[in-house]
Amino acid sequence: MAKKETMTINMGPQHPSTHGVLQLVLELDGEIVVDAVPHIGFLHRGVEKLAENRSYHRALPLTDRLDYLAPMSNNLGYVLAVEKLLGITELIPERAKVVRVMMAEITRIKSHLVWLATHALDIGAMTVFLYCFREREQIMDMYENISGARMTSNYFRVGGLSLDLPEGFEADVLSFINDMPGHLETYEGLLTGNKIWQKRTIGVAKIGGEDAIDIGLTGPVLRASGVDWDLRRDNPYSGYEDYDFKVITRDGCDTFDRYKNRLDEMRESCKIIHQALDKLQPGPIMADVPSVCLPAKKDVANSIEGLIHHFKIITEGFKPEPGEIYQGIEAPKGELGFYLISDGSANPFRMKIRPPSFVNLQALPQMVRGKMLADVVAAIGTLDIVLGEIDR
Amino acid sequence: MSQAVVAKLKSVFAASVLEVKEHRGEMTVTVKKEDIVAICQFLKDEAGYNFLCDLCGVDYLGQQPRFMVVYNLYNITTKERLRVKVPVAEEDAAVDTVSTVWTTANWPERECWDLMGISFNNHPDLRRILMPADWVGYPLRKDYPLQGPDRETYQGRLS
Amino acid sequence: MPEMLSLSNDPVLFLSLMLAKILAVFIVVVLIVAYATYAERKIIGRMQTRLGPTMTGWFGLLQPIADGLKLFFKEDIIPAQASKLAFVLAPVMIMVPAFITIAVIPFGGDITVFGYTTTLQIADLNIGILYILAMAGLGVYGIVLAGWSSNNKYSLLGGVRSAAQVVSYELAAGMSIVAVLMLSETLSLRGIVAAQSGSVLNWYIFSQPLAFCLFVITSLAEINRTPFDLPEAETELVSGFCTEYSSMKYALFFMAEYANMIVVSAITATLFLGGPAGPFAGPINLLLKIFFFMFLFIWIRATFPRVRYDQLMFMGWKVFLPLALLNIVITGAVVVFL
């Protein structure tokens, strides 16, 4: 009786369809995957250790580089966590909260556009990639307008925002979200009804609801497995309880359902941004807590008190009470959590980041065991991982 | 509600609970490391904390015991959070794995081993995850230099 | 009526005319291959709301020449562990069947030259169709050889996938051609073109629509184009069977792919659209039809995702082959009873 040998193939770390530097060691029996072992750590930059040596304000740019496709989400999670640690969550002004929600939802659309582009490209539909990136260019222009950088925005601050909205920003956002549903129809027209797309995604990379909770999946992946959980609705932050939006769940547990879920999430995000634009009122953008929050730029430039105030906060930092908190937000990829411990000094004693992609990637071997090689690529795409946040 | 859970926990595992604290609306329970698996199983089955959000290690250099392993739990039905902490001494830096209770604990425990040096008994696959496989040392410990082991300490300010 | 020119009448004229025809066809095909790469990049670019090549020459028209020069001057790498002879032979084995299939495609009717009649076709084999199918089968060897001789798991996977794919789809393609043969009662391509002459309604696309659709789809699978481009699936196997190739050999692979595209378009035009028949001069008509099919193939590449391997096999054996057989049965019944 001949012994069947399996072939070990190495996918990555440099590979066109692993989204970042991910190494997958696949054991193949012909075209069937017997086992898939992910190896990570190629992008490990020691963000947590760096944060321990910086003050809370100076650790903020580090968070931009975690999930670099959704930078304002990471910023939001971090500033909410620090504000919770300081106990000033109630004092954040209304305008800052509305702008935070608006930018978080724009970031969600941005991240999902990249997901759709790369997922479709991996499965072979090249054109969707370029259409999604065309939309993303508009969002990058908005980012540049508001914060000065296309990708690593570093826009939010502990206590509010760094700068107010520029002129014409709201008009840009409004025109963008008015066009967005039409673009989503185009993508759906190219993909949803396409028999080849359906054959490549229906029934692929399934994971049931109970298994998903056990293995720690969060975000659209979990919601496509039938579990109704969204941190924006269940543990609201930054004023999300005042917005009216649907949490989309589907029961299919497969790639096609996750695809439809994320497209629907983009539509819901457009609705939330509409509501945010309606709620936007003029007002302060920074909380009135002098020991923590930076003064307005015009005070810094024009008065000596403002200058000294700014100087003291930046060089010495603020010192929260000793204690620890955990803040989770609904990032586009899942639950992004920040666990901060303060020992009373200006630097965080420990900053632990709970990246959604790190935990979601654990489910990959389970999803592809016994399936074909082409499904591995579809599974990586559907989990929507980004190595910046996995490796930190 | 989490207060009720903590009270129930204290009644069932009276000997193991070392400390209960509340800060900014979050409950933290410190327990002994020997009973951690039983406590986690209890919290999952009886109290409904079916989701382990995060598992990490903290290095309190200079205190006894030196390390703390922190479990952040979440109840999907009641939307409540709870934190369980386990002190771990430096000489005997080993805790029982909770991957039998929540499968999601697998990779975070590997990360804790990799970066902090806290090993987990009965872990299915305990090896380094973020650092290269042949790395020596535990980078996230407080006595590990920020710039790595082979370089002179940076004399200026960090940013 | 002038006689048919052949080797017995006037060997010198015959051979020189043969050489002229071969040269003309070869040059035209190579030019079309080169500018097919340009056309693909431009068309796919426009469909993806971008411009495609514009910088090299007016409208980027010198791009294929630039690409050719670049590939020519690149370093030619042969992996140390590869089997050298097979490695070098493989691209040649893919190119040659693609080009020699053109020899039997008729470009036009008869013309009179120096008192003799000759047909605008390099070789009028009376088993033309059989020759085409045989050459198509030979193309597989090149791919498998390329995949195996590279000594690389990815290439091997690509080569093996492609071999299975081409073999499966060739059956369905052959069966759909058989239905055309039943109507034309001859294997010679000149005869098939003659059987479709007269009016546009005589074209076999109207009497054999199912065979036409099947042939177009299965040909896409035979030439490894999207949606059946698994052997070179960039996002899965890096570059499939041509991963280890560089410089001119790599160029040969891609020339072979476009040459195959031209050949398939030419065969489809000959079998189903009446070949050189049409409003303009014979060769111009055929070229227009070839361009139409190439545009169709490029359009399909821009639109569709890739089919998975097991689904490809399923479609080839359980959908296309039974449909082709059904088509033969129906055609046979119609021919016998009508």
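Quick note on labels: first sequence line is chain A, next is B, and so on, each numbered from 1.
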Non-hydrogen atoms of chain A under 4.5 Å away: do they reach the side chain of [X], the backbone, both or neither?
{"X": "Ile76(B)", "answer": "side chain"}
{"X": "Leu55(B)", "answer": "backbone"}
{"X": "Pro132(B)", "answer": "neither"}
{"X": "Arg110(B)", "answer": "neither"}
{"X": "Arg83(B)", "answer": "side chain"}
{"X": "Asn72(B)", "answer": "side chain"}

Next item on the list: Name the member of His44(A), Glu48(A), His39(A), Arg350(A) that forms the most heavy-atom pairs with chain B at distances under 4.5 Å.
Entry: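 Highest number of pairs under 4.5 Å: Arg350(A).
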Note to self: Going by the rule salt bridge (Lys or Arg N to Asp or Glu O under 4.0 Å), which residues pair with Lys84(A) if we only count those two or more places apart in sequence or in a different chain?
What the structure shows: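 Lys84(A) satisfies salt bridge (Lys or Arg N to Asp or Glu O under 4.0 Å) with Glu26(B) once adjacent residues are dropped.
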In terms of heavy-atom proximity below 4.5 Å to chain B, should [X] be classed as side chain, backbone, both, or neither?
{"X": "Pro355(A)", "answer": "neither"}
{"X": "Leu231(A)", "answer": "side chain"}
{"X": "Leu217(A)", "answer": "backbone"}

Next item on the list: Can you see which heavy atom on Cys53(B) is nearest to which on Glu335(A), and at what distance?
Entry: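 The pair with the smallest heavy-atom distance is SG-OE2, 3.4 Å.
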Next item on the list: Locate the shortest heavy-atom distance separating His23(B) from Leu85(A); write the atom from each residue and the value.
Entry: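 The pair with the smallest heavy-atom distance is NE2-O, 4.4 Å.
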Notebook entry, point to check: Above 12 or not: heavy atoms from other molecules or residues under 6.0 Å from CD of Glu22(B)?
Noted result: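 More than 12 heavy atoms, drawn from other residues, nucleotides or ligands, come within 6.0 Å of this atom.
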Next item on the list: Check whether more than 12 heavy atoms from other residues, nucleotides or ligands sit under 6.0 Å from atom NZ of Lys10(B), and answer yes or no.
Entry: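 Count not over threshold, so no.
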Note to self: For Tyr74(B) and Trp229(A), take the angle between the two ring planes, folded into 0 to 90°, and tell me which bin it lands in: parallel under 30, tilted 30 to 60, perpendicular over 60.
What the structure shows: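 Because their plane-to-plane angle is under 30°, the rings of Tyr74(B) and Trp229(A) count as parallel.
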Note to self: Using a 4.5 Å heavy-atom cutoff, which residues in residues 98-105 of chain B come close to chain A?
What the structure shows: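 From residues 98-105 of chain B, the residues near chain A are Val101(B), Trp102(B), Thr103(B), Thr104(B).
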Checklist line | salt_bridge(Glu52(A), Lys142(B)) N-O dist < 4.0 Å | finding: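 Answer for the salt bridge query: yes.
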Checklist line | Short N-O contact, Lys49(A) and Asp59(B), less than 4.0 angstrom | finding: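 No, Lys49(A) and Asp59(B) are not salt-bridged.
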Check: Between atom CZ of Arg128(B) and atom CD1 of Ile40(A), what is the distance when rounded to the nearest 0.5 Å?
Finding: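 CD1 of Ile40(A) is found 13.5 Å from CZ of Arg128(B).
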Check: Cys253(A): what forms a side-chain contact (heavy atoms from CB on, under 4.5 Å) with it, not counting sequence neighbours?
Finding: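 If we apply the side-chain contact (heavy atoms from CB on, under 4.5 Å) test to Cys253(A), skipping adjacent residues, the hits are Ser225(A).
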Checklist line | Residues forming a side-chain contact (heavy atoms from CB on, under 4.5 Å) with Glu90(A), sequence neighbours excluded | finding: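 Partners of Glu90(A) by the side-chain contact (heavy atoms from CB on, under 4.5 Å) criterion come out as none, since no residue qualifies.
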Margin query: Quick check on side chain to side chain contact (heavy atoms under 4.5 Å, CB included): which of Lys21(B), Arg24(B), Lys85(B) does Glu324(A) satisfy it with?
Written below: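 Output: one option passes, namely Lys85(B).
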